[in-house]
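Letters go in sequence order (proteins before strands), and every chain restarts at 1.
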2 protein chains.
Amino acid sequence: MASSGRRAPQEHGKAAERTRERILAAAVEEFGAKGYAGARTAAIAARAGVNQQLISYYFGGKQGLVEELRRRWARAQESVTPPGATYAESVAAHLDATLDNPDWSRLVIWQALGDGSSPESDDEWAAAQRDRLRQAVERTRRRQEEGEITGELDAEFVLLVAYALAFAPIALPRMVEGIAGADPLSKDYREWVVGQLARMTARQP
Amino acid sequence: MASSGRRAPQEHGKAAERTRERILAAAVEEFGAKGYAGARTAAIAARAGVNQQLISYYFGGKQGLVEELRRRWARAQESVTPPGATYAESVAAHLDATLDNPDWSRLVIWQALGDGSSPESDDEWAAAQRDRLRQAVERTRRRQEEGEITGELDAEFVLLVAYALAFAPIALPRMVEGIAGADPLSKDYREWVVGQLARMTARQP
DNA sequence: ATCCTATTCAAGTGATTGATTGATTTTTGT
DNA sequence: ACAAAAATCAATCAATCACTTGAATAGGAT
């Protein structure tokens, strides 16, 4: 029963692993560009330079593909926070993580918008996300108490602004470009944001 | 030849106008909820309580529907700015305009993400958008010069933060809720944001 | 060589969807 | 009441798409 009709894709050989990864990478691009409903499995296969039925073979179809991507995103999220970083470094890291992988970020926004076909993300995963955010808020508050950044603004606000400015270039690139006057993905934009945030959170003299 | 097969939808009678509007309203909901690729014309018709072929009859199909919506959005954008408002009032107005019409806002984000089937927005319209943003920056800068808000932060930054915090609840509601700990569409959130922005832009004593 | 895995090929199925057509019914204005 | 407009109904079309099936072929390892 274990390998009745189809061979079990779980026992991945060393060589096959690479094409799996290429398919996933292509899927990130395609889903990021078109969203789930707009993405085409044929396009994913073409991007990966691979035959179309391999995605059914390895991931059980389009839906299985997004689920695998979500799993990876969850795993990646767990290990991001650099421990002994300053506020500016922390913000810069988050900014880089978001803007260096625009496809991933677009994918996240699409999921948040309810792109359809999503099992609405399990409670467990949602709870973990909440914890991550709460910890981030707590970390920010500690920075305030230690005097690294100002206590004039709520910790939640400081954090929210940083996150919002990281995602705005993805969700509304034209708007950001129109206001900031620079490519929202560029190094210039990031440094400018970090600098302005530093001023915003500077302690009153 | 003028009215050979189909009657001309342009000469809209007074009564028909209402169903046109209902279809458009339903379209905003559906497109806002699912995006262009995910939206279904049948669902739009059902939402409007109207027969499915009316959307072909009045708007020439799914695509014509989004185009009409884009036209309306462009028109609505032109006349929003209250003239003699304070910074806080202006921010609050923008926040309300965005969060009181979440479907419209979601639609905008979807278009910005390149939902597909879009003629990629004409140059003319893009230029007009740019002008609007530049004027907003200019207005902010004037506020700084007049001493209404601080000059410590760049005018572009002050504006961008306000806009980003208006759209974040739409693009990433879970994240905002997790950080702020409140419904991102609620009055509480809006007032909190306005208050924090006021502190952020307060002049140094 | 040969076995096993990875990958490709060709063809086709089933389901969904947007759109069309022609005729009929309801509503509206006069 | 009458005529035009507005809307519904039923049936159908053509296209797209994800997925399946049953093979055949290429490659690497032994």
[N] [atom2] sits how many Å from [X] [atom1], rounded?
X       : N      : atom1 : atom2 : result
A/Gln52 : C/dC9  : CD    : P     : 12 Å
B/Ile44 : C/dG18 : CD1   : C1'   : 11 Å
B/Leu54 : C/dT21 : CG    : P     : 16 Å
B/Glu21 : D/dA7  : CD    : P     : 12 Å
A/Arg18 : D/dG27 : CZ    : C1'   : 12 Å
B/Ile23 : D/dA6  : CD1   : P     : 12 Å
A/Arg20 : C/dA6  : CZ    : P     : 11 Å
A/Tyr57 : C/dA6  : OH    : P     : 6 Å

Worksheet item: For A/Ala39, which contact category applies under a 4.0 Å heavy-atom criterion: base, sugar-phosphate, or nothing?
Response: sugar-phosphate
When you measure from the side-chain N and O atoms of [X] to the phosphate of [N], is any distance below 4.0 Å, counting only OP1 and OP2?
X       : N      : result
B/Thr41 : C/dA19 : no
A/Thr19 : C/dA6  : no
A/Arg40 : D/dA18 : yes
B/Tyr58 : D/dA6  : no

Would you indicate whether B/Arg71, at its atom CZ, is surrounded by more than 12 heavy atoms from other residues, nucleotides or ligands within a distance under 6.0 Å?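 Enclosed: over 12 neighbouring heavy atoms sit under 6.0 Å from CZ of B/Arg71.
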**salt bridge (Lys or Arg N to Asp or Glu O under 4.0 Å) partners for A/Asp96, two or more places apart** =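 So A/Asp96 forms a salt bridge (Lys or Arg N to Asp or Glu O under 4.0 Å) with A/Lys187, A/Arg190.
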Non-neighbouring partners of A/Arg143 that pass salt bridge (Lys or Arg N to Asp or Glu O under 4.0 Å), sequence neighbours left out
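For A/Arg143 the salt bridge (Lys or Arg N to Asp or Glu O under 4.0 Å) partners, ignoring immediate neighbours, are A/Glu148.
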- Message: Whether the A/Arg132 and A/Gln129 side chains hold a donor-acceptor pair (N or O, under 3.5 Å, no angle test) is what I'd like checked.
- Response: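 Yes.
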